[in-house]
*Asks:* 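I am attaching a structure below and will ask some questions about it afterwards.
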Amino acid sequence: MTSLGSKIAFYRKKLSLTQEELAEKCSVTPQAVSKWENDISAPDIALIPVLAQLFGISCDELLGVETEQVRAVPQQLVDLNKVLLKIKVDSAEGDKVNLNLPIMLAEPFLKNVNVSGKDALRGIDFAQLIELVKSGAVGKIMEVNSADGDVVEIWVE
């Protein structure tokens with residue numbers, strides 16, 4: 001894993017900035033930038049978005065937060081008998097639902113699911129989701145956070 005300091009040094013050099021120039025853009029001293037890059041100290045939390053924007057990356061990327069991305073597997077390699085659909089629902093009222101089903105079993109179930117009572121599920125087109133999975137999409141397909149506080153996550157493995 002790459003440290004925050006080494007990432008700051010890498011992106012600063014990528015932009016051909018000196019420590020002094022980066023310090024000026026962040027309203028800190030060049031010594032502060034040196035300490036960041038040598039992992040002696042870290043930038044103030046308020047500077048993380050400033051640095052990320054300057055470097056043209058996300059705050060997550062700068063901080064080393066790894067998020068699973070949806071990726072496509074060649075359709076001819078997709079064995080629908082082995083693909084697992086995971087749906088996690090945490091309602092604001094405290095209800096929790098975890099659905100882990102092979103896609104071949106999930107497909108008929110999802111075609112008949114009634115989502116009229118939950119705002120977080122209402123906009124999900126499950127038929128389109130199934131087609132996306134059949135075409136080879138894997139990873140975190142969707143995350144929905146409703147205004148009511150409901151959270152729905154859909155993964156394919």
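Just the heavy atoms: all of them, side chains too, but no hydrogens, waters or symmetry mates, feed the values below. For clarity, every value in this text was computed on a predicted model and none was experimentally measured.
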*Asks:* Could you list all the ring pair (Phe, Tyr, Trp, His ring centres under 6.0 Å) pairs where at least one residue sits in residues 19-50, not counting sequence neighbours?
*Replies:*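 Ring pair (Phe, Tyr, Trp, His ring centres under 6.0 Å) check on residues 19-50 returns no pairs.
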
*Asks:* Using atom types as modelled, flag every donor-acceptor pair under 3.5 Å from a side chain in residues 27-34 to any protein atom, sequence neighbours excluded.
*Replies:*
| residue | atom | partner | partner atom | Å |
| --- | --- | --- | --- | --- |
| T29 | OG1 | A32 | N | 3.1 |
| S34 | OG | N38 | ND2 | 3.4 |

*Asks:* Provide the full list of side chain to side chain donor-acceptor pair (under 3.5 Å) pairs with a residue in residues 39-55, sequence neighbours left out, each pair given once.
*Replies:*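 Qualifying pairs: S3-D39.
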
*Asks:* Looking at A46 and V50, what are the two nearest heavy atoms and their distance?
*Replies:* O-CG2, 3.9 Å

*Asks:* Tell me the salt bridge (charged side-chain N to carboxylate O under 4.0 Å, His left out) pairs involving residues 24-38, sequence neighbours left out?
*Replies:* R12-E37

*Asks:* Can you name the salt bridge (charged side-chain N to carboxylate O under 4.0 Å, His left out) partners of K88, sequence neighbours left out?
*Replies:* D90

*Asks:* Of all residues at least two apart in sequence or in a different chain, which pass the salt bridge (charged side-chain N to carboxylate O under 4.0 Å, His left out) check with K14?
*Replies:* none

*Asks:* At what distance, to the nearest 0.5 angstrom, does CG of L22 lie from CG of L15?
*Replies:*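 CG of L15 is found 9.0 Å from CG of L22.
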
*Asks:* Starting at CG of L51, measure out to CD1 of I57 and round the result to the nearest 0.5 Å.
*Replies:* 8.5 Å

*Asks:* Please give me the minimum heavy-atom distance between P49 and C59, naming the atom from each residue.
*Replies:* CA-SG, 3.6 Å

*Asks:* Could you check whether any side-chain heavy atom of L17 comes within less than 4.5 Å of a side-chain heavy atom of Y11, counting everything from C-beta outward?
*Replies:*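 Of all side-chain heavy-atom pairs linking Y11 with L17, none is under 4.5 Å.
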
*Asks:* With rounding to the nearest 0.5 angstrom, report the CD1 to CG distance, I48 to L63.
*Replies:* 5.0 Å

*Asks:* Write down the atom of L62, the atom of A52, and the distance for their closest heavy-atom approach.
*Replies:*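 Shortest heavy-atom separation between L62 and A52 comes out as CD2-N, 4.0 Å.
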
